[in-house]
S.K.: 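What follows is a structure written as structure tokens; I'll ask about it next.
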There are 2 protein chains.
Amino acid sequence: MNADTGVRPCSIARSMEVLGQRWSLLVLRELLFENHRFDAIVKATGAPRDILATRLRTLEANGLVERRRYQDRPPRFAYHLTARGWDTAEVLLSLMAFGDRHLSDERPVTWQHGQPDHPHPLDPVLTCRTCGEPATEGLHEPTGPGAPR
Amino acid sequence: MNADTGVRPCSIARSMEVLGQRWSLLVLRELLFENHRFDAIVKATGAPRDILATRLRTLEANGLVERRRYQDRPPRFAYHLTARGWDTAEVLLSLMAFGDRHLSDERPVTWQHGQPDHPHPLDPVLTCRTCGEPATEGLHEPTGPGAPR
DNA sequence: TCCCATGAGTTGGAGTTTCCAACTCGAACG
DNA sequence: CGTTCGAGTTGGAAACTCCAACTCATGGGA
């Protein structure tokens, strides 16, 4: 706990400060889909143009997104994921898997996975790198400064 | 794409409607930490009491959370995760892993994983259930109604 | 008996964000 | 000359969030 406020110090809360504003994760989804242009992102997400502009600035300031000039006159820009931005893919795929399991009858998007010549549909599960078992099975009370009690 | 609006039909977007409001994921984190009481959740998250009340109603309406009367006079209630609510653990752990990797020097919470008598620290990675490889390596253009282009 | 504490909220009003439609700016196209 | 493209800005209204204070029922202590 945070000594004076009682608020738990937490990586989830820190992530949410960057990713938790409205439209941020859908913007990252579009960039993952190789949709790099402002207008295309507006169309595919439905985000208001002004909000999208400020979200892209925030994502850039946090090093998740890079703004690249792809043409000089008139100046035109496109947005690309940085390595850190790519690293949000796990979060996005987990959200997708949750939505697929509980919020949708059909599966609107199926990612392909594996060698380019032998792809199969991606079926994402969070596992433990140490033992290889699913993370949510055999999960116990955490320890550390942000832990309960 | 959604025929008339151009907005992509998407499980990520659907998940965000339920999980994406401010404080929702931190509330689920507390319930995962076995923090079931209203006042305790207020303290640990820092959420305003009125917002917490409406978030709990929304989570309950979406079947992620169950409101249980644990005392009759005066009536007192506690909140518990449903099976569907537990299923957000992958999203929370992915967010935690992202925050640990990029937003924090130390690791404020370490979950324990495995058999209760032989636990080890959980190190979460999203993998493909089909081939066992990390989901973000060898990820290709998706297919389906919500896919790009 | 009176006063305070506990726990799960609700209320009113101020402050902050988000939304929306319309506008800009420079260059190319017809 | 008028239109289109693409990446934004702008102003004002609507919605959401925050905060402090209040409620309501009961139990405990002086």
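Computed from a predicted structure; not experimentally measured. To find a chain, count down the sequence lines: A is the first, B the second, and so on, and within it residues start at 1.
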S.K.: Can B/Thr110 and A/Thr143 be counted as having a side-chain donor-acceptor contact under 3.5 angstrom?
M.R.: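 Result is no, nothing qualifies.
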S.K.: Under 3.5 Å between N/O atoms: give me all the protein pairs with nucleotides 8-12 of chain D, atom names plus distance.
M.R.:
| from | atom 1 | to | atom 2 | distance (Å) |
| --- | --- | --- | --- | --- |
| D/dG8 | OP1 | A/Arg57 | NH2 | 3.0 |
| D/dG8 | OP1 | A/Arg67 | NH2 | 2.7 |
| D/dG8 | OP2 | A/Tyr79 | OH | 2.3 |
| D/dG8 | N7 | A/Arg49 | NE | 2.9 |
| D/dG8 | N7 | A/Arg49 | NH2 | 2.9 |
| D/dG8 | O6 | A/Arg49 | NE | 3.2 |

S.K.: In Å, rounded to the nearest 0.5 Å, how long is the span from CG of A/Asp87 to CG of A/Leu28?
M.R.: 11.5 Å
S.K.: Nearest whole angstrom, please: distance from the P of D/dG6 to the CD1 of A/Ile41.
M.R.: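 So the two atoms are 13 Å apart, to the nearest Å.
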S.K.: Donor-acceptor pairs under 3.5 angstrom involving side-chain atoms of residues 88-100 of chain A: please list them, not counting sequence neighbours.
M.R.:
| from | atom 1 | to | atom 2 | distance (Å) |
| --- | --- | --- | --- | --- |
| A/Thr88 | OG1 | A/Gly85 | O | 2.6 |
| A/Glu90 | OE2 | B/Leu126 | N | 3.3 |
| A/Ser94 | OG | A/Glu90 | O | 2.8 |
| A/Ser94 | OG | B/Ser94 | OG | 2.9 |
| A/Asp100 | OD1 | B/Ser11 | OG | 2.5 |

S.K.: Base, sugar-phosphate, or nothing: which does B/Arg69 touch, judged by heavy atoms less than 4.0 Å apart?
M.R.: nothing
S.K.: Between CD1 of A/Ile41 and CG of A/Leu52, what distance do you get to the nearest 0.5 Å?
M.R.: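 Answer rounded to 0.5 Å: 6.0 Å.
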S.K.: Can you name the atoms? Protein N/O to nucleotides 26-30 of chain C N/O, anything below 3.5 Å, with the distance.
M.R.:
| from | atom 1 | to | atom 2 | distance (Å) |
| --- | --- | --- | --- | --- |
| C/dG26 | N2 | A/Arg76 | NH2 | 2.5 |

S.K.: Donor-acceptor pair, distance only, cut-off 3.5 Å: does the side chain of A/Arg84 make one with the backbone of A/Asn62?
M.R.: yes
S.K.: Starting at NZ of B/Lys43, measure out to CG of B/Asn35 and round the result to the nearest 0.5 Å.
M.R.: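 Here the rounded value is 10.0 Å.
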S.K.: Give me the residues of residues 58-66 of chain B where at least one heavy atom lies under 4.0 Å from an atom of DNA chain C, by number, or none.
M.R.: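 Nothing qualifies; none.
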S.K.: Under the ring-ring contact (aromatic ring centres under 6.0 Å, His included) definition, can you give me all pairs with a residue in residues 57-91 of chain A, not counting sequence neighbours?
M.R.: A/His36-A/His80
S.K.: Partners of B/Arg129 by salt bridge (Lys or Arg N to Asp or Glu O under 4.0 Å), sequence neighbours excluded?
M.R.: A/Asp123
S.K.: Once salt bridge (Lys or Arg N to Asp or Glu O under 4.0 Å) is applied, do any residues pair with A/Arg22, and if so which ones, sequence neighbours excluded?
M.R.: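 Partners of A/Arg22 under the salt bridge (Lys or Arg N to Asp or Glu O under 4.0 Å) test: none.
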S.K.: By a strict heavy-atom criterion of less than 4.0 Å, which residues belonging to residues 17-28 of chain B are in contact with DNA chain D?
M.R.: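 Hits under 4.0 Å, by residue number: B/Arg22, B/Trp23.
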S.K.: What distance do B/Leu19 atom CG and B/Thr58 atom OG1 have between them, rounded to the nearest 0.5 Å?
M.R.: 11.5 Å
S.K.: Say you draw a straight line from CD of B/Glu17 to OG of B/Ser24; how long is it, rounded to the nearest 0.5 Å?
M.R.: 12.0 Å
S.K.: Tell me which pairs pass ring-ring contact (aromatic ring centres under 6.0 Å, His included) where either residue lies in residues 106-142 of chain A, with sequence neighbours left out.
M.R.: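 Passing the test, one end in residues 106-142 of chain A: A/Phe33-A/Trp111, A/His113-A/His120.
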S.K.: Nearest 0.5 angstrom please: A/Leu26 CG to B/Ile12 CD1, how far?
M.R.: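 Going from the CG atom of A/Leu26 to the CD1 atom of B/Ile12 covers 7.0 Å.
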S.K.: Given atom CD1 of A/Ile51 and atom C1' of C/dT16, what is their separation to the nearest angstrom?
M.R.: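 Rounded to the whole Å, the gap is 11 Å.
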S.K.: Which residues satisfy the salt bridge (Lys or Arg N to Asp or Glu O under 4.0 Å) test with B/Arg73, sequence neighbours excluded?
M.R.: none
S.K.: By salt bridge (Lys or Arg N to Asp or Glu O under 4.0 Å), which residues pair with A/Glu133, not counting sequence neighbours?
M.R.: none
S.K.: Output yes when at least one side-chain N/O atom of A/Tyr70 is less than 4.0 Å from OP1 or OP2 of D/dG6, else no.
M.R.: no
S.K.: When the axes are fitted on five pairs at both termini, how much does the helix from C/dT1-D/dA30 to C/dG30-D/dC1 curve, in 10° steps?
M.R.: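 Roughly 10°, once rounded to the nearest ten degrees.
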